[in-house]
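What you are looking at is a predicted structure, and each value in this text was computed from that prediction instead of being measured.
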Amino acid sequence: MDKSMLGDLDNLPEEDKMRMAVMVDQLQVRDSLRMYNNLVERCFTDCVETFRRKTLDKQEESCVRRCAEKFLKHSMRVGMRFAELNQGVATPD
């Protein structure tokens with residue numbers, strides 16, 4: 001975790017800072033897993049049409065690849081935009 005995120009918590013005891021760091025890390029893992037699950041569900045629903053074979057056909061595989069690329073590019077773009085907005089809001093004390 002980025003220690004600068006805890007900059008406003010300087011008045012807390014060290015033990016509480018560590019607890020906060022663990023909680024933030026857990027939230028980041030949870031959000032990452034949620035994003036991954038959303039990606040899998042969306043691309044599977046949009047791209048897989050039949051269950052006749054245990055492997056994807058070429059069209060389904062291509063669709064899943066495009067879907068995953070779009071989803072990840074979108075997520076990165078939203079994350080970058082959010083970071084830009086946070087930098088604009090952050091003001092030094």
Side-chain angles (χ1 to χ4, degrees):
M1 183 186 90
D2 184 6
K3 297 300 179 196
S4 67
M5 294 172 64
L6 296 177
D8 294 337
L9 305 175
D10 287 337
N11 298 334
L12 290 177
E14 199 61 36
E15 184 179 319
D16 289 342
K17 288 180 189 177
M18 292 303 295
R19 265 195 230 124
M20 290 295 292
V22 168
M23 286 182 2
V24 168
D25 287 342
Q26 289 173 342
L27 289 172
Q28 289 174 339
V29 168
R30 185 197 68 192
D31 289 343
S32 294
L33 289 172
R34 186 176 290 153
M35 185 181 87
Y36 176 77
N37 287 334
N38 287 337
L39 164 69
V40 170
E41 184 175 344
R42 170 173 276 165
C43 293
F44 182 85
T45 301
D46 289 350
C47 297
V48 178
E49 298 173 3
T50 66
F51 293 98
R52 285 183 261 155
R53 294 191 316 264
K54 57 183 172 178
T55 60
L56 298 174
D57 64 26
K58 289 182 182 187
Q59 182 180 0
E60 290 171 332
E61 189 173 336
S62 175
C63 178
V64 168
R65 186 175 294 115
R66 278 192 319 272
C67 177
E69 286 175 3
K70 284 182 181 180
F71 189 92
L72 292 174
K73 284 179 184 177
H74 170 75
S75 296
M76 288 186 339
R77 189 169 186 177
V78 167
M80 288 179 3
R81 182 67 177 132
F82 186 69
E84 289 171 3
L85 292 173
N86 277 342
Q87 285 178 348
V89 172
T91 57
D93 290 336

For Met80, the hydrophobic cluster (side chain heavy atoms closer than 4.5 Å, chained through members) also holds none
Considering residues at least two apart in sequence or located in another chain, which fulfil the salt bridge (Lys or Arg N to Asp or Glu O under 4.0 Å) criterion with Arg81?
Glu84
Tracing side-chain contacts under 4.5 Å among Ile, Leu, Val, Met, Phe, Trp and Tyr outward from Met76 reaches none
Using distance only, find each side-chain donor-acceptor pair of residues 32-41 under 3.5 Å and give its atom names and separation, not counting sequence neighbours.
from, atom 1, to, atom 2, distance (Å)
Ser32, OG, Gln28, O, 3.0
Asn37, ND2, Leu33, O, 3.3
Asn38, ND2, Arg34, O, 3.3

Tracing side-chain links under 4.5 Å among I, L, V, M, F, W and Y, which residues wind up in one group with Leu27?
none
Considering only Ile, Leu, Val, Met, Phe, Trp and Tyr, and joining two whenever side-chain heavy atoms are under 4.5 Å apart, list the other residues clustered with Val78.
none
Would you be so kind as to tabulate the donor-acceptor pairs closer than 3.5 Å made by side chains of residues 50-58, with sequence neighbours excluded?
from, atom 1, to, atom 2, distance (Å)
Asp57, OD1, Gln59, N, 3.1
Asp57, OD1, Glu60, N, 2.7

Applying salt bridge (Lys or Arg N to Asp or Glu O under 4.0 Å) to Asp16 and not counting sequence neighbours gives Arg19
Give every donor-acceptor pair under 3.5 Å between a side-chain atom in residues 62-71 and any protein atom, sequence neighbours left out.
from, atom 1, to, atom 2, distance (Å)
Ser62, OG, Arg66, NH1, 2.8
Arg65, NH2, Glu61, OE2, 3.3

Would you say Arg77 has more than 12 foreign heavy atoms packed within less than 6.0 Å of its CZ?
no
Residues two or more places apart in sequence or in another chain: which of them pass side chain to side chain donor-acceptor pair (under 3.5 Å) with Gln26?
none
